[in-house]
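Right, one structure below, let's go through it.
Lettering of chains follows the sequences in order, A, B, ..., and the numbering in each one begins at 1.
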Number of protein chains: 2
Amino acid sequence: MEQLLRIAPLFQNLTQHDLLPIANASRKVSCVAGQQLFIEGDPAIQLFLVLKGSVRLYRLTHDGKEKVIEIIRAGETFAESVALLGRPYPVCASAIDALEMIAIPAEVIKAQVEQNTGLALKMLASLSLRVHRFVNDIHALSMSTAQQKVAGYFLAFLSAEADEQCIQLPSTKALVAARLGLQPETFSRVLGRMKEQGVIREENAQIVVLAPEKLRQLRDE
Amino acid sequence: MEQLLRIAPLFQNLTQHDLLPIANASRKVSCVAGQQLFIEGDPAIQLFLVLKGSVRLYRLTHDGKEKVIEIIRAGETFAESVALLGRPYPVCASAIDALEMIAIPAEVIKAQVEQNTGLALKMLASLSLRVHRFVNDIHALSMSTAQQKVAGYFLAFLSAEADEQCIQLPSTKALVAARLGLQPETFSRVLGRMKEQGVIREENAQIVVLAPEKLRQLRDE
DNA sequence: CGCTTGCCTTGACCGCCGTCAAGTCCTTCC
DNA sequence: GGAAGGACTTGACGGCGGTCAAGGCAAGCG
């Protein structure tokens with residue numbers, strides 16, 4: 001269990017002494033694809049570390065549609081912020097595919113944070129990063145055109161200057177579209193246009209970026 | 001200085017012993033309206049507590065327009081998250097009107113957080129709140145129509161169930177429009193429609209909400 | 001093999017919102 | 001008082017993207 005916990009940046013570099021009470025209180029959970037983990041308004045009694053699979057965090061709009069806020073992938077934690085505040089979850093969560101996670105009681109984390117400055121700093125760093133990502137998201141969401149959103153999304157996956165990189169889309173295209181605030185149809189059309197411009201290619205469920213600089217140009221309009 | 005610092009939730013309830021080094025390292029700054037505080041990419045060497053006036057946090061899109069990410073009002077702090085990470089500012093900041101702030105060196109905060117669990121917890125709570133607000137913002141941004149955004153924005157100001165509440169808009173309407181990701185013209189049109197539906201009224205630069213439940217209905221489509 | 005189901009694509013249509021432009025109201029300043 | 005400027009409003013128009021509908025395509029199953 002301790003080894004598993006150390007996957008998360010949150011718990012790396014913690015001494016075994018500090019990690020032990022957390023490990024003892026945590027338990028492993030498995031979920032099938034599509035399973036509901038919690039819904040908006042549920043009391044936040046635990047935070048999660050994803051070991052395998054991915055999780056969709058979303059909100060329901062008043063007319064029943066869902067807006068994807070974040071997609072959590074293996075190795076990442078979520079619900080850290082709420083565990084500390086003692087507030088109910090601000091989003092719904094459900095498993096995208098088969099899922100393995102570690103559930104960590106919020107109270108144990110709270111207790112540890114109070115004693116252990118190292119963990120507190122880690123959590124601060126983690127939350128700061130999340131804030132930064134949200135700033136990026138808000139910026140991306142208000143970028144006007146669908147093409148710019150998609151280009152920006154792909155560029156976030158590219159590591160360096162290398163040409164011809166592959167991108168593995170998390171789950172289905174429809175989900176990525178939702179993440180970007182687009183309809184599946186629109187996403188498909190944008191991909192089609194990019195393909196006929198020679199910017200990308202599709203190869204067995206992967207996106208191959210042929211011309212990163214052209215992608216950058218599309219994002220910048 | 002110490003009294004001023006205690007305005008912020010971040011520093012309330014800190015012992016004088018803990019607050020003193022922070023107070024000693026901080027200094028007061030004044031700005032004229034429109035003054036640039038920092039731009040995106042600047043090294044983040046200090047965080048700010050606004051005493052008087054308000055601050056616009058924004059990003060520049062690639063074609064030179066600016067997207068308002070947040071509006072910080074008197075009594076609030078900003079740039080807490082970056083001060084800890086040692087990363088450059090992810091946004092630009094400029095004064096909306098005449099401004100008085102306290103600038104607190106990031107290093108002092110970092111040093112104090114390492115020693116003082118109380119401050120660490122405060123900062124965690126503050127960042128958690130910010131994350132929650134961003135979640136709300138992302139949700140609001142992806143709500144489709146302009147009317148829904150405006151209704152949601154107004155509803156966030158209403159405290160309880162009381163009818164006939166006044167809302168003081170921060171600064172100009174154009175700025176609020178930018179905050180909502182709308183053009184001033186669109187914002188104006190939405191206000192006009194709400195007025196002729198008897199949902200709101202305008203009275204010397206204030207919005208008077210006449211029918212909160214109608215507003216809720218508009219937000220929910 | 002044919003049927004179903006789910007995912008994706010493509011086409012047609014329409015409404016919302018951004019843009020451009022002109023006009024009104026109010027403040028400021030001489 | 002009159003001119004100038006800024007904030008806001010109102011109108012006309014066009015494009016992007018959402019919606020609806022139909023069709024293609026692969027996997028699973030009887």
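Remark: B:Glu70 engages B:Arg130, B:Arg133 in a salt bridge (Lys or Arg N to Asp or Glu O under 4.0 Å) (not counting sequence neighbours). For B:Lys214, there are no salt bridge (Lys or Arg N to Asp or Glu O under 4.0 Å) partners at least two apart in sequence or on another chain. Residues satisfying the ring pair (Phe, Tyr, Trp, His ring centres under 6.0 Å) criterion with A:Tyr153, sequence neighbours excluded, are A:Phe157. In this view, A:Thr77 and A:Glu80 satisfy the side chain to side chain donor-acceptor pair (under 3.5 Å) rule, not counting sequence neighbours. Considering only residues two or more places apart in sequence or on other chains, A:Glu196 meets the salt bridge (Lys or Arg N to Asp or Glu O under 4.0 Å) condition with none of them. Checked against side chain to side chain donor-acceptor pair (under 3.5 Å), B:Ser30 has no partners two or more places apart in sequence or in another chain. A search for salt bridge (Lys or Arg N to Asp or Glu O under 4.0 Å) contacts involving A:Arg27 returns nothing, not counting sequence neighbours.
Each end of the helix from C:dC1-D:dG30 to C:dC30-D:dG1 yields a helix axis from five base pairs, and these two axes differ in direction by 20° (to the nearest 10 degrees).
Without hydrogens or angle criteria, A:Glu40 side chain to A:Val91 main chain gives no donor-acceptor distance under 3.5 Å.
If you check residues 179-192 of chain A against DNA chain D, the residues with a heavy atom closer than 4.0 Å are A:Gly181, A:Gln183, A:Glu185, A:Thr186, A:Arg189, listed by number.
The distance from atom CZ of A:Arg193 to atom C1' of C:dT9 is 14 Å, rounded to the nearest whole Å.
Pairs engaging residues 82-104 of chain B under the ring-ring contact (aromatic ring centres under 6.0 Å, His included) rule: B:Phe38-B:Tyr89 [sequence neighbours left out].
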Could you tabulate the donor-acceptor pairs under 3.5 Å formed by side-chain atoms of residues 179-192 of chain B, not counting sequence neighbours?
residue: B:Arg179; atom: NH2; partner: B:Asp137; partner atom: OD1; Å: 3.0
residue: B:Arg179; atom: NH2; partner: B:Asp137; partner atom: OD2; Å: 2.8

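The footprint of chain B on DNA chain D, defined by a heavy-atom cutoff below 4.0 Å, extends from D:dC8 to D:dA12.
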